[in-house]
Amino acid sequence: MNQADSGCVEIAFREVSKRYEGRPEAAVNRLSFEVPPGEICVLIGPSGCGKTTALKMVNRLIAITDGDITIDGRSVNALEVTQLRRGIGYVFQQIGLFPHMSVEANIGSVPRLLGWSKQRIRARAAELLSLVGLDPDADLRRYPGEFSGGQQQRIGVARAMAVDPPIMLMDEPFGAIDPITRERLQDDFLRLHREVRKTIIFVTHDIDEAIKMGDRIAIMRDGQLVQYATSDELLASPANDFVASFVGADRGLKRLRVWTLRDLTLDPAPPAGGDSLPSVEVGRSLRDALSLLLTEGAGQLTVTEAGKPIGTVTLEAITSAVAQDRNTAAA
Ligand SMILES: Nc1ncnc2c1ncn2[C@@H]1O[C@H](COP(=O)(O)OP(=O)(O)O)[C@@H](O)[C@H]1O
Ligand SMILES: [Mg+2]
């Protein structure tokens with residue numbers, strides 16, 4: 001894989017199956033989907049549905065039984081395995097830092113194998129630590145056990161990014177972390193992804209995390225793909241009862257989080273110096289707008305862009321937009 005192509009690779013599963021020895025049922029069963037270059041694809045489904053197995057077949061930690069996985073059209077089996085893995089950052093389900101190694105040595109583990117100099121490794125480790133919100137000066141020489149779970153997870157992400165691989169595989173990376181820290185890690189990771197575009201397969205069993213992180217979501221059940229869609233499609237038109245119950249009875253409310261005020265046709269802005277309505281920025285979610293309407297007891301909000309009023313929105317506008325879209329989707 002060409003390092004200069006960072007962020008520009010496509011990953012495709014083509015009828016991929018995995019049968020473990022001595023097990024009658026396929027752990028992964030004819031899985032097909034494509035992850036466009038630079039996107040985050042979330043794999044989600046109940047425990048045991050085959051998410052980790054699917055992920056580990058991409059970097060050949062697990063051998064494919066049938067079918068193929070391609071990266072920019074080339075089979076993962078056509079590449080030498082070390083060369084393949086060099087292009088793929090892997091964040092483990094359990095954090096998996098080496099406890100007896102300093103943070104610098106952890107981040108430097110792959111670069112060291114590639115023969116990078118000490119100075120280059122130190123500079124890269126320092127750069128990555130600041131990127132994930134830690135302090136290079138203080139933290140490079142410390143050991144994993146001295147950090148909180150959330151900080152260790154950041155170090156795990158930094159380590160996976162050490163040689164700037166175009167692909168990242170992340171197996172429930174924020175799974176073992178308290179909800180508040182998890183939200184921060186998610187936000188930081190999304191910001192990072194906007195700066196350093198990579199093609200990512202992200203495994204989770206948390207539907208809220210999937211909706212937030214995924215450009216597309218692949219829902220799996222018993223080794224098979226049940227639906228592959230954007231968050232909004234998934235929430236608007238679940239393919240069957242399994243998906244519907246998986247995304248939750250509150251999927252209407254969840255959709256409010258996916259949409260922003262930008263997605264609505266706004267009413268005209270109030271005249272300057274007119275009623276002082278509560279105001280909300282156009283980039284905020286419909287959920288935030290609705291919450292503001294409720295807490296302010298207002299019937300209407302002024303929508304602003306960079307602080308300037310660009311229109312107004314009412315409760316009815318929010319509900320009818322989402323309902324109208326549902327009717328179109330159903331038609
Ligand atoms: N090394 C293995 N040998 C045999 N069966 C396995 C092995 N690893 C996973 N499995 C089985 O394959 C299925 C999928 O497992 P896994 O991919 O770990 O699911 P998930 O990550 O979605 O929880 C499960 O039934 C699991 O018990
Ligand atoms: Mg797993």
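The structure displayed is predicted, hence computed values, not measured ones. For ligands, and for the atoms within them, numbers begin at 1 and follow the listed sequence.
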Donor on one side chain, acceptor on other, T204 and E172, under 3.5 Å:
no
Any chance the side chains of E104 and S102 put a donor and an acceptor closer than 3.5 Å?
no
Going by side chain to side chain contact (heavy atoms under 4.5 Å, CB included), I211 matches just one of T230, D206, L235. Which one?
L235
For ligand 1, run through the N/O pairs with the protein that fall under 3.5 Å and put one pair on each line.
from: ligand 1; atom 1: 5 (N); to: R23; atom 2: NE; distance (Å): 3.3
from: ligand 1; atom 1: 8 (N); to: Y20; atom 2: OH; distance (Å): 3.4
from: ligand 1; atom 1: 17 (O); to: T53; atom 2: N; distance (Å): 2.9
from: ligand 1; atom 1: 17 (O); to: T53; atom 2: OG1; distance (Å): 2.5
from: ligand 1; atom 1: 19 (O); to: G50; atom 2: N; distance (Å): 3.2
from: ligand 1; atom 1: 21 (O); to: T52; atom 2: N; distance (Å): 2.9
from: ligand 1; atom 1: 21 (O); to: T52; atom 2: OG1; distance (Å): 2.8
from: ligand 1; atom 1: 22 (O); to: C49; atom 2: N; distance (Å): 3.3
from: ligand 1; atom 1: 22 (O); to: G50; atom 2: N; distance (Å): 3.1
from: ligand 1; atom 1: 22 (O); to: K51; atom 2: N; distance (Å): 2.9
from: ligand 1; atom 1: 22 (O); to: K51; atom 2: NZ; distance (Å): 2.9
from: ligand 1; atom 1: 23 (O); to: G48; atom 2: N; distance (Å): 2.7
from: ligand 1; atom 1: 25 (O); to: R23; atom 2: NH1; distance (Å): 3.2

Kindly confirm whether the Mg ion (ligand 2) is within less than 2.8 Å of some N/O/S atom in T53?
no
Other residues, nucleotides, ligands: >12 heavy atoms within 6.0 Å of R60 CZ:
yes
D171 vs K56, test: salt bridge (Lys or Arg N to Asp or Glu O under 4.0 Å). Steps then yes/no.
CA-CA 9 Å; D171 198 351; K56 286 184 168 173; over 6 Å; no
Can you tell me if R184 has over 12 outside heavy atoms packed within less than 6.0 Å of its CZ?
no
